[in-house]
Amino acid sequence: MLHPRARTMLTLALPALLIGIASSVILLFLMRLTGILQTFLWQTLPLSIGVSLFAPGWIITVLTFTGIAVGLIIRFFPGHGGPDPASEPLISTPVERRALPGLILAMVLGLAGGVSLGPEHPIMAINIALAVALGGSLLPRVHALDWTILAAAGTIGAMFGTPVAAALIFSQTLKGNDDVPLWDKLFAPLMAAAAGGVTTSLFVHPNFSLPISHYSQLHLTDIFSGAVVAAIAIALGMVAVWCLPRLHTLMRKIKNPILMLGAGGFVLGLLGAIGGPQTLFKGVDEMHQLVFGQTWTVYDYFLFAIIKLAALVIAAASGFRGGRIFPAVFVGVALGLMLHEHVDAVPAAVTVSCAVLGMVLVVTRDGWLSLFMAAVIVPDTQLLPLLCIVMLPAWLLLAGKPLMMAGPKN
């Protein structure tokens, strides 16, 4: 009853379903482990020894020792804790299996210790490596690239609790042709992304949206304002793009990874002591504090944005294992709130969503993912036409510009 095309798509349906579920379970388990360690380092331990929560000295101490611990893993574990995320795209070739224990430990310690990176790059590498290894042994006729795509889609679905981001990303990478239509190619990845998103939603409810005032109606002036906000975010982000490879090269002059990451952790501690706890960790929970917390001033928002962006660059350049998307979202939120506070005639929904769009576009150079993150942070359908229009000049500004990546590891 089924066409041969349908039978071909169904061949990978069950593996895609299992990979999506497994991707979510691995993500949830590692994030739970990270949360337990984070609670111990930042609440249980300081209270037990009589130290104030998030005291400047404690922030510097924890981040310095976090850097030393990650450096020890990279120095002595097989595979050196996996590839350097600053030199790798989000979806890359599979990591060798012997590097996975070190990569897992380095990620958990770094995120729990307050490093300003997200889990997306290590989790992606872990899930892809496991999917290629296990899938290749069970179904050797399936190409490693297919397992990579399924694991990446399942991980993206699991991180956001929805398959939408995966659908957008892979719609531009899996190009269709006359023989194999695009949606035939998207079938299995979307199955994996849906399984990952549903599994995550069964246990936790990822909440990226901010309680920003409703945007009631599109105005022409808001389009111009949004374009200016996105341009400001891009300009700030391009400073980080310029700094990352140069700082990465400078840090590699410290040949010993223990000293290199210890020094990076110390600098991150200094930045955290200045910016406060809002500028630590991956930034998802912290960006809610910018809205729900005390009344912040223009200077406060500016400080949060600059400190977080500097911490992101230093953490990536130092070799900590983590991704750059979630901290970039925090920077966009802080910048958008600052611009709204400075010119309150421009709605916060416009400034925040357009700043997030611009900053994520700089970091990922992916238009669909940038639109998705902006729409998720400020979930207002009235903004979608504005965001699509603002994307056009933003994309023109970044055409041909360097990516936010360092060169190959020395």
Side-chain angles (χ1 to χ4, degrees), residues 24 26-43 54 59 62-63 66-67 70 85-86 90 103-127 155-156 158-161 165 200 204-210 237 240 244 264-265 268-269 271-272 275-293 304-305 307-335 356 359-360 362-364 369 372-373 376-377 404:
S24 176
I26 292 171
L27 171 66
L28 293 172
F29 172 75
L30 293 179
M31 290 301 95
R32 178 60 177 164
L33 185 61
T34 300
I36 292 172
L37 181 57
Q38 179 178 321
T39 300
F40 173 77
L41 290 175
W42 296 99
Q43 296 182 28
F54 296 106
I59 292 176
V62 171
L63 278 161
T66 296
V70 175
L90 179 61
L103 177 58
I104 291 171
L105 280 176
M107 181 198 71
V108 170
L109 286 174
L111 296 182
V115 174
S116 293
L117 292 173
E120 60 274 16
H121 192 284
I123 287 291
M124 188 73 73
I126 292 163
N127 286 342
T155 304
I156 294 171
M159 281 194 297
F160 298 111
T200 295
V204 298
H205 299 283
N207 182 22
F208 299 98
S209 62
L210 298 176
L244 178 58
L268 290 176
L271 290 174
Q278 290 79 15
T279 59
L280 302 177
F281 310 107
K282 63 180 179 288
V284 175
D285 295 331
E286 289 69 30
M287 71 183 183
H288 286 84
Q289 298 175 16
L290 301 186
V291 180
F292 284 114
F304 292 150
I307 291 292
K308 190 68 173 182
L309 190 61
L312 166 59
V313 172
I314 292 168
S318 301
F320 284 99
R321 281 14 185 186
R324 300 182 286 278
I325 296 175
F326 290 122
V329 171
F330 176 94
V331 175
V333 170
L335 181 63
V356 169
M359 191 60 63
V360 175
V362 170
V363 172
T364 65
L369 183 58
F372 172 78
M373 292 307 304
V376 166
I377 297 300
M404 192 175 187

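Treat the numbers as computed from the prediction; the structure is a model and nothing was measured.
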[X] to [Y] - nearest heavy-atom pair and separation:
| X | Y | result |
| --- | --- | --- |
| V70 | A106 | CG2-O, 3.9 Å |
| L103 | A125 | CD2-CB, 3.9 Å |
| L109 | T66 | O-CG2, 3.4 Å |
| V313 | A240 | CG2-CB, 3.5 Å |

Side chain to side chain donor-acceptor pair (under 3.5 Å) partners of residues 112-123, not counting sequence neighbours, each pair once: S116-K308

Which label fits F208 and F160: parallel for a plane angle under 30°, tilted from 30 to 60°, or perpendicular past 60°? tilted

For [X], check side-chain hydrogen bond (donor to acceptor under 3.5 Å, both in side chains) against everything at least two apart and list the hits.
| X | answer |
| --- | --- |
| T155 | N127 |
| D285 | none |
| T39 | none |
| S24 | T200 |

Mind listing the side-chain donor-acceptor pairs of residues 323-334 below 3.5 Å, one per line with the distance, residues two or more places apart or on another chain?
from: R324; atom 1: NE; to: M404; atom 2: O; distance (Å): 3.4
from: R324; atom 1: NH1; to: P85; atom 2: O; distance (Å): 3.1
from: R324; atom 1: NH2; to: M404; atom 2: O; distance (Å): 3.2

Donor-acceptor pair, [X] side chain versus [Y] backbone, under 3.5 Å?
| X | Y | value |
| --- | --- | --- |
| S318 | A315 | no |
| W42 | V62 | no |
| Q38 | G35 | no |

Taking atom [atom1] of [X] and atom [atom2] of [Y], what is their separation to the nearest 0.5 Å?
| X | Y | atom1 | atom2 | value |
| --- | --- | --- | --- | --- |
| I156 | L27 | CD1 | CG | 12.0 Å |
| L33 | L105 | CG | CG | 8.5 Å |
| I314 | L117 | CD1 | CG | 11.0 Å |

Sub-4.5 Å side-chain heavy-atom contact between P119 and K282: yes

